[in-house]
Structure formats: C-alpha cells, structure tokens
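For reference, the structure is listed below as structure tokens.
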Amino acid sequence: MLAVQLARLAGGQRFACDVHVVEPRAVPGPGLAYTARRPEYLLNVRSQFLSAFPDQPDHFLNWLRITKADSCDHSFCSRQSYGRYLQQLIGQVLEWPSPNGISCHWHAQPATAIDLAGPHRATVELADGTRLPSDFVVLALGNFPPLPPAQSNLQYLTHPNYHGDPWAQGALSSIAADDSVVLIGSGLTAVDVLLGLRADGHRAPITVVSGHGRWPAAHRLLPEASYPSFYAAELSGCTRVAEVLRIVRRHVRAAQAQGFDWRSVIDSLRPYAGCIWATWPPAEQARFLRHLAGIWSVVRHRSPPQSAAALDDMMATGQVRMVRGRVDQILPTGLNQLSVHVRTRASSPAPLLTARHVVACTGPLLDYSRIEQAPVPALRAAGHLCPDPLRLGMQTDEHGALVNAHGQASEVLFTLGSSRRPAYFESTAVPELRQQAEALAQELGRRLLALAEK
C-alpha cells in the first residue's frame with residue numbers, strides 16, 4: 001500500500017526516484033495474510049471497508065464488480081480475492097514509471113542487513129549480495145510467527161507433527177482426515193485452521209486449548225445500524241481504563257434498550273481507538289493489556305457469520321471441544337503422538353491431552369526484543385530499533401520514524417503496520433493500514449522534495 005501511495009503522489013516529474021520493494025514471496029502484494037489459496041478463509045471485515053485508498057472507499061467494491069473475482073456472500077470476501085486485488089495494484093506500479101517520476105522495482109528475496117553509513121543515508125543488502133543505496137528505508141515487516149507455546153523441554157519443536165506456524169506453506173497438508181488434533185489458541189487463526197480442516201474433510205476429534213475460553217464474536221449477517229459517537233463528549237481525555245470501561249458499558253446497556261446491538265457501540269469506537277489508547281499513561285495501558293485485551297480482541301475482531309456458523313456446527317456435533325487453560329508442556333510420546341499438559345485455574349487435576357498433531361494458533365509475535373529474523377537483530381543491537389516497554393512493537397515518532405536508544409527520531413528508518421501498535425494499539429486492519437500508508441507516503445514525499453532542493 002505504501003508503494004502504491006508513493007506512486008500516486010502529486011507533483012508532476014518532481015520526484016524522479018526509485019522505490020525498491022524487497023519482498024521474498026512468490027508474488028508481491030498478498031503478503032502473509034492473503035497468500036493462502038483457500039476460499040474458506042474469509043476476510044473478517046466487510047468488503048465496503050477494504051478499499052486500499054482512503055479517498056476512494058468504493059475502489060475494492062468496483063474491482064470486485066469489474067473482475068467478478070468473488071461473489072462475496074454476505075459481503076465477506078475470501079482472503080485470496082483480496083490478495084489478487086493487492087497483487088494487481090502493485091503490479092500496475094511495477095509495470096511502468098508513475099507520472100510523478102517514481103519507478104518501482106521488486107526484489108524477490110529477503111533483506112539481510114541495513115548499513116547506516118551516515119545520519120541521512122543507508123544501504124540495504126539483499127540475500128544475493130545486491131546493495132541498494134537508499135535515502136529512506138521503511139520496515140514494512142508485517143507479523144512474525146508465534147513464540148513456542150511451552151517454554152520448557154523444547155524438543156517438541158522438531159517433531160514432524162508439531163506445527164508452529166499455521167500460515168506456513170502446506171502447514172495442514174500432513175494432517176489426515178482421521179488424525180486427532182490439538183489447537184493452542186481460540187482466536188481468528190484457530191477459526192481459520194478449523195475451517196481449513198473442515199474443508200479438507202477432517203473427521204477426527206479436535207481439542208482447542210484457550211486461555212480465556214472464548215471464540216471471536218460473530219458479525220451479524222446484515223451490517224449494524226450506526227450508533228451515535230460518544231467519544232468527544234465522554235471519552236476524550238479519559239486517562240483511566242476503568243473510567244472508559246464504565247462509560248462503554250453504560251452505552252451498551254442504553255443501546256440495547258434502544259434496539260441497537262452491542263456491536264454498534266464497539267464499532268462507534270473504532271475511529272477513536274488509537275486516541276483512547278494514547279491518552280492512557282503507560283501504567284493504564286499495561287492494566288488494559290493484563291485484564292481487557294483478550295476480551296477486546298473477542299468483541300472487536302469478529303468472525304464472518306458463515307465462519308461462525310461452521311464453527312457452531314463443529315461444536316454441536318462434538319467434533320470440536322474447548323478446554324480452558326494454558327499449555328505448560330508439550331512432550332513427544334512416540335513418532336506420531338504429542339502430549340499436551342494443560343494448566344487450569346480450577347482445583348481439578350490439569351488435563352493431559354494426547355493427539356497426532358498440535359497446531360499453535362496463539363497469534364503473532366509482537367515483541368521486537370525477541371524477533372530474530374534479519375534485519376531486526378542487528379538494528380536492535382546497534383540501538384537503531386528499540387522495542388517499546390510493553391513489547392507491542394517499535395518505538396516511533398508521530399510519522400513512523402524509528403526512535404533510537406538515545407531518544408532521537410531517525411532521518412532514514414521508518415515503519416508502519418503492526419510494528420506501530422505502541423502508538424495506536426489497533427494497527428493491523430486495512431482501514432488503519434491504508435491511513436498509515438497514505439500519511440507516510442505524504443511525509444516521505446515532502447522529505448524527497450527537500451532532498452532534491454539541496
């Protein structure tokens with residue numbers, strides 16, 4: 001999205017520069033979220049909210065109508081369709097120079113290092129030794145695979161039937177229809193894995209281990225009626241989580257009395273979620289993460305109604321059951337079996353689960369102090385990239401420039417997306433990402449013009 005926004009910057013031929021997209025996947029555009037060629041994996045946002053361009057809200061809908069790429073039952077399209085949409089957008093930018101003088105180039109390999117030779121210049125080194133001298137480098141790294149769910153006795157990590165990254169190519173292909181399965185986590189990733197297994201004809205029992213014991217709430221078939229915004233009048237300036245929670249609960253009760261669904265109240269907060277988060281001091285942000293982040297994820301990041309219906313059917317037939325607790329250990333018990341030790345809050349003995357396959361669905365790793373994929377470790381060691389105190393992403397300024405160990409904003413390194421969760425908390429969905437991409441493109445455009453004038 002950032003590359004596309006850079007190509008759309010107004011200004012005639014004033015930019016005349018190269019934009020290098022370093023993306024090692026088979027095609028640029030779909031990324032991790034939209035690569036899987038499985039029609040049962042659905043977007044969890046309605047199509048009318050998924051345009052890549054904030055100023056053209058119907059762009060994705062028009063693309064669907066023209067290309068006939070997806071019938072979008074109940075307005076929730078497949079992820080693979082959205083992947084094709086993004087692929088086409090970036091493909092157009094890669095094919096020919098933009099009217100503003102920007103030429104975009106794709107490198108289908110990873111970046112291995114970023115050498116900051118001076119305060120205003122960097123060189124990006126690729127896996128094949130190619131070196132890209134750059135005035136600006138944007139770390140658009142997306143999400144990283146989850147940490148191992150059990151930290152003791154890590155021999156299970158090399159077991160052929162342990163699947164630590166459910167989004168890896170062919171992650172579910174070795175699970176046979178009659179193989180028992182344990183999923184760790186009950187969020188949207190787990191729902192997608194269950195839908196994938198169901199589509200593959202899976203018949204055996206599936207046990208889901210969940211810390212909070214909840215599935216994502218379901219979207220309704222029809223869009224919710226808009227609930228009047230109450231942020232400016234009641235929430236602006238609230239510095240305590242308990243105060244915000246009390247006001248939101250009061251509005252949920254009032255909304256239900258007026259015939260609104262609770263989802264309308266939550267949706268009315270979406271444009272202001274980042275402002276609410278930023279108003280809280282660090283201690284209150286930490287309190288929210290400890291006590292409410294799991295519930296917020298359940299009510300805010302919902303399943304498409306058809307996905308929720310399929311899950312309900314699997315639960316009703318007994319094929320899927322949920323165990324509330326946290327995984328303490330995962331032990332190989334033979335070539336084709338794994339034992340999962342679960343710790344519960346109840347006084348009853350912790351259950352011991354045995355299955356042919358175990359799949360980690362615990363969500364992405366956000367803590368940049370623990371991410372070891374290049375070029376993160378070297379930037380971190382040099383003090384150019386600093387994880388935030390709550391371990392949600394990177395420390396940045398208001399433009400997305402990385403803040404170094406001395407508290408100074410970089411003139412070269414920028415980021416956007418999930419790495420900016422410390423600033424916004426909600427920083428993973430398309431409506432937020434497209435706004436960040438447009439704003440960062442405008443900022444980089446201003447800096448490019450300033451460089452050209454020197």
Side-chain angles (χ1 to χ4, degrees), residues 44 141-151 184-190 209-217 231 235-249 252 262 265-267 269-302 324-328 343-345 360-371 376 380 385-396 398 400 402-403 415-429 431-433 436:
N44 68 319
L141 303 177
N143 289 323
F144 293 87
L147 285 174
Q151 295 296 314
I184 303 173
S186 61
L188 291 171
T189 297
V209 180
S210 171
H212 51 60
R214 302 181 183 92
W215 295 108
Y231 169 76
L235 293 178
S236 178
C238 286
T239 58
R240 296 181 61 244
V241 173
E243 185 180 7
V244 173
L245 181 60
R246 183 170 59 253
I247 293 171
V248 172
R249 281 177 167 170
V252 168
W262 62 264
V265 178
I266 300 300
D267 291 345
L269 296 175
R270 177 172 186 153
Y272 311 104
C275 298
I276 295 171
W277 170 262
T279 303
W280 290 335
E284 288 296 300
Q285 292 178 343
R287 181 171 287 110
F288 173 82
L289 293 175
R290 284 196 306 271
H291 301 296
L292 291 176
I295 296 174
W296 173 254
S297 181
V298 166
V299 301
R300 163 70 179 83
H301 300 282
R302 302 172 207 142
R324 185 172 181 178
R326 299 192 180 279
V327 172
D328 268 344
R343 174 168 47 89
T344 66
R345 294 181 180 178
C361 305
T362 51
L365 174 60
L366 306 172
D367 182 357
Y368 272 81
S369 70
R370 308 181 76 170
I371 291 170
V376 172
R380 186 176 60 221
L385 185 159
C386 295
D388 72 295
L390 295 176
R391 299 298 188 256
L392 293 176
M394 305 179 194
Q395 295 191 51
T396 63
E398 68 273 20
L402 271 61
V403 173
T415 190
L416 77 167
S418 57
S419 56
R420 298 207 66 193
R421 280 173 61 93
Y424 302 113
F425 187 69
E426 289 289 333
S427 190
T428 56
E432 287 78 34
L433 299 186
Q436 290 184 33

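Scope of the values below: all heavy atoms of this structure, side chains included, with no hydrogens, waters or symmetry mates.
The closest side-chain heavy-atom distance from L289 to L392 is below 4.5 Å. Using a 4.5 Å heavy-atom cutoff, the side chains of L385 and T415 are not in contact.
R380 contributes a side-chain N or O that, together with a main-chain N or O of I371, makes up a donor-acceptor pair within less than 3.5 Å. Within the 3.5 Å criterion, the main-chain N or O of R324 finds no donor-acceptor partner in the side chain of S210. Proximity of a side-chain donor or acceptor of T279 to a complementary backbone N or O of C275 within less than 3.5 Å is detected. A distance-only check finds no donor-acceptor pair linking the side chain of S186 to the backbone of W215 [under 3.5 Å].
Taking every heavy atom of both residues into account, L433 and S427 meet most closely at CD2-O, 3.5 Å. In plain terms, the two heavy atoms of P389 and Q395 that are nearest each other are CD-NE2, 4.2 Å. Considering every non-hydrogen atom in both S418 and T428, the closest pair reads CB-CG2, 3.9 Å. Across Y368 and G142, no two heavy atoms sit closer than the pair OH-O, 4.2 Å. Between T189 and C361, the shortest heavy-atom contact is CG2-CB, 3.9 Å. Closest approach of E284 to A242, counting heavy atoms only: OE1-N, 4.4 Å.
Heavy-atom neighbours of R370 CZ from other residues, nucleotides or ligands within 6.0 Å: at or below the threshold of 12. Atom CZ of R326 has 12 or fewer heavy atoms from other residues, nucleotides or ligands within 6.0 Å.
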Begin from the C-alpha positions of R214 and V299 and carry the test side chain to side chain contact (heavy atoms under 4.5 Å, CB included) through to its verdict. CA-CA 10 Å; R214 302 181 183 92; V299 301; over 6 Å; no
What's the verdict on side chain to side chain contact (heavy atoms under 4.5 Å, CB included) for M394 and L141, showing C-alpha distance, side-chain angles and the deciding distance? CA-CA 11 Å; M394 305 179 194; L141 303 177; 4.3 Å; yes
With side chain to side chain contact (heavy atoms under 4.5 Å, CB included) as the test, would you mind laying out the steps for R421 and W277 before giving the verdict? CA-CA 10 Å; R421 280 173 61 93; W277 170 262; over 6 Å; no
Let me see the working for I266 and R302 under side chain to side chain contact (heavy atoms under 4.5 Å, CB included), right down to the final yes or no. CA-CA 11 Å; I266 300 300; R302 302 172 207 142; 3.8 Å; yes
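A perpendicular orientation is assigned to the rings of F288 and F425, their planes being inclined by more than 60° (bins at 30° and 60°).
Taking CZ of R246 as the start and SG of C238 as the end, the distance is 8.5 Å to the nearest 0.5 Å. Atom-to-atom distance recorded for S419:OG and N143:CG is 9.5 Å, nearest 0.5 angstrom. Note: L390 CG to L366 CG = 11.5 Å, rounded to the nearest 0.5 Å.
Screening S369, P422, P282 for a side-chain contact (heavy atoms from CB on, under 4.5 Å) with D388, the sole residue that qualifies is P422.
Contact check on E432 versus R420 returns no salt bridge, with no Lys/Arg side-chain nitrogen under 4.0 Å from an Asp/Glu carboxylate oxygen.
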